[in-house]
Amino acid sequence: MTHEIKIKMLTVALTGNPNSGKTTIFNKLANARESVGNYPRVTIAPRERVIEHRGRQIMLVDLPGIYSLSARTPEEQAGRDYIHFKRPDVVINILDSGNLDRSLFLTTQLIEMGCPRIHALNMFDEARRKGISIDTPALVSMLGGPVIETVATTGEGLERLLDAALEIANPATPPHPSVSVGYDTHLEAAIERVRTQITELHPQEMSAQQSRWLAIKLLEGDDEILTREGEHKELIEQVGTERATFKQHHDESCELAFAAGRYGFIHGLLMEARTVSAEIPDEALLHTKVDDLLLHRWLGLPILLGLMWVMFETTFTLGAYPTDIIKSGVDALSGLLGGILPDSMIKDLLLNGVLAGVGGTIVFLPNVVILFFFLALFSETGYIARGAFLLDRLMHLFGLHGKALIPLIMGYGCNAPAIMATRTIEGRRSRIITSLVTPFMCCSARLPVMMLFAGAFFSAHAGSMVFAMYLLSIVTALGSAILFSKTVLRSMPEPFVMELPPYRLPSIRAVLFHMWENAAGFLQKVGSVILVGSIVIWFLQEFPREIAFSQDYEAALTELSAQPASDERTVTEERLTAERDREKLEKSYLGRIGMAVAPVFEPMGFGWKDTVAILTGVVAKEAVVASYAVLYAQSKESEGLMSAISGAMNPAQAFAFMVFALLYLPCLATIGAIRREAGSWKWVGFSVAYSLGLAWSLALIIVNLGRVLL
Amino acid sequence: MQNSQMEALTLADLGPGQSGCVVKVADDALGHNLAAMGLVRGATVSLNRTAPMGNPRIYAIKGYQLSLRNEDARKVLLRLS
Ligand SMILES: Nc1nc2c(ncn2[C@@H]2O[C@H](COP(=O)(O)OP(=O)(O)OP(=O)(O)O)[C@@H](O)[C@H]2O)c(=O)[nH]1
Ligand SMILES: [Mg+2]
């Protein structure tokens, strides 16, 4: 036997209700950066990380939150199956101390399972402020395991959690006396009868605790456990009869009777272990007042709209200042390099390829960071869940679930994780609809495109123009959702059961951290996809070197220069040079690719340069701007990208291009996410075809309307 | 008539400022979810807020706020308290 096997790695899983602080604890203990937010169901898949504590290796697992061990959505099942079937060595049960009644429901099930457990009274700071005092030592014996007061946000008590985990995993530690949740006499009698049968079928295999747990699970009708016991026909039959008779006699199913019994146990327990001061704390009063305003029947929705407008307007206007600084930095660098480097292809590549593409994209970093600041603020304060509440009816009209609001808003940041967040939606069809419409949300990668065009063509109303694109993106998403739900994906209405999180003041650290994370992500993309993309585009437009021109420009130019200087000569010279450059570009590889596809966009009057930009955007949406930057880098008259492109289209075309760029295709990462969540390439194909078709038709309509109206 | 109306009182019928005591929850997947979240026989609930179009609504239950659509709230039978 090798050394590693002897000291087995300890698996410690964090479980608890949604929004109880599991991921915050996980991040602190494992030095990880998983997403946290003040609304239920942020974590949607288990996350594992190996840490070391007092010389011992521990595999720490963060799980999706669950209210009960008989859960149904895919993400809840992942959270439950880990506890049920993987059987971690220690379970850390995270409780919201300010909300113990409901938190303890899951705890009663953990107690019955008999898993080695530690209870964390998390958010103890909030409980204190609410005037709740908890008799922690009393809870230890009532819950059968160490109970530790923690504040995840400050790290208070977290080390002790791990100490306790090591201690109860140590075989030398005497086990906690087992506790059991008692039910009323009828249920207890039924449990006892089923248990007797189980012990007959599995003689000596199970402890009293295990057989009681199995009996309860079977009586509760847990499908998975029933299938596992499928081979014992008599047992299944007996359980069936027990459940039927119970329901007949008590006018209530076993499931509901157990739930009531659990809450009865919790009530008794809290009567002893908790006292709540009668005085309502100021903070609670304040939160009610804030809700009176934000959830107001008439003002709620206008306020929501107003807040979104503020978010986009600030993103645009406030972002302009740092953008200018970055821009002058890029220009200075470009000037400097232009001065010191000898004329060569390398210089051209560096200045007109790399620096133009990367520099042209990086100037939008401040806007992206500001956008993420607002998104972090909304999700950390608890406003996003309130948005879901305010908009549920509206979403419902569009065939979407209120819970779909969260993926949609996350989509303003980045579509790919937003599509993963659709896992919290119960029905498969609703889930697919949401993942198909989320890509219409104007993600932060499309922001630079919108800003470039808004700035170039609509500079007087640039902020409102960007806001309009955001509105259009949500209107398209909702409109498509209603279409899908009425045609290809007829879905059943689904329940909307959502816990409203309390307002929480986001810590400055958490918000800054979130901004930094996303800024780093953006920079990383600029340093990879955008950098490589810019170089590729530069090469494609510079090659082939030898081009068969339609006329001998050089000869014509030389001839001209022999003539005496005159205004006429200068004009002709300029015209010839421009024609030569244009022809060279058009006959380059890039030009040929662009020209080959350009007929598709002919009806809108987009040129081949626009076509190239559109094509590169499929890889990553930021690439659209980078392409323009490289394509226009050489044009002499350019005062900057914005003024360079502003001559290329009329306002209607520019608007049509913005709409097209907004809707046309999910990027590669998003396509991957759709494939995963919708479960087949069929839906990916559908999504691509639908969005291309829609974007193309809308752009065409806009251009033609523009012709009529302008 | 009076009597049958009393019996048919559901969570969705709860008026502003009223509170009630849960009598029965529907025996289906949704009912079981609601039960796990605290809407069990004997629990006290009150209406906290109503969304712009009258639906969904927010209830106070077991010391926290739960939002439910009216069609789902009909699955919970109440006695006024
Ligand atoms: N005041 C206070 N806030 C906390 C504490 N622990 C977590 N929070 C906040 O509670 C919210 C939820 O935290 P998460 O860590 O995302 O909760 P979770 O249990 O992982 O939630 P799900 O992934 O949705 O199941 C966040 O806004 C945290 O900042 C705490 O001890 N005190
Ligand atoms: Mg989490």
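Chain naming here is simple, since letters A, B, ... match the order of the sequence lines and numbering starts at 1 in each.
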Separation of B:His32 NE2 from A:Ser253 OG (nearest 0.5 Å)
4.0 Å
Under 4.5 Å between any side-chain heavy atoms of A:Leu256 and B:Val25, yes or no?
yes
What's the separation between atom NE2 in A:His396 and atom CG in B:Asn55, rounded to the nearest 0.5 Å?
7.5 Å
Going by heavy atoms in the side chains, are B:Ile58 and A:Leu295 under 4.5 Å from each other?
yes
Pick one of side chain, backbone, both or neither for A:Asp96, based on which atoms fall under 4.5 Å of a heavy atom in chain B.
neither
Of the backbone (N, CA, C, O) and the side chain (C-beta and beyond), which part of A:Glu499 lies under 4.5 Å from a heavy atom of chain B, both, or neither?
both
OG1-NE2 distance between B:Thr50 and A:His296, expressed to the nearest 0.5 angstrom
11.5 Å
What part of A:Phe496 gets closer than 4.5 Å to chain B, counting heavy atoms only: side chain, backbone, both or neither?
both
Check whether A:Leu394 gets within reach of chain B through its side chain, its backbone, both or neither, counting any heavy atom under 4.5 Å.
both
I need the minimum non-hydrogen distance between B:Pro56 and A:Phe389, along with the two atoms involved.
O-CE1, 3.6 Å
Approximate separation, where rounding is to 0.5 Å, of B:Met37 CE and A:Tyr263 OH:
8.0 Å
salt_bridge(A:Glu252, B:Arg41) N-O dist < 4.0 Å:
yes
Contact check, side chains of A:Asn99 and B:Lys62, non-hydrogen atoms, under 4.5 Å
no
Is any side-chain heavy atom of A:Arg297 closer than 4.5 Å to a side-chain heavy atom of B:Met53?
no
Honestly, the part of A:Asn17 sitting under 4.5 Å from a heavy atom of chain B is neither
Atom CG in A:Asp291, atom CZ in B:Arg49: separation rounded to 0.5 Å?
4.5 Å
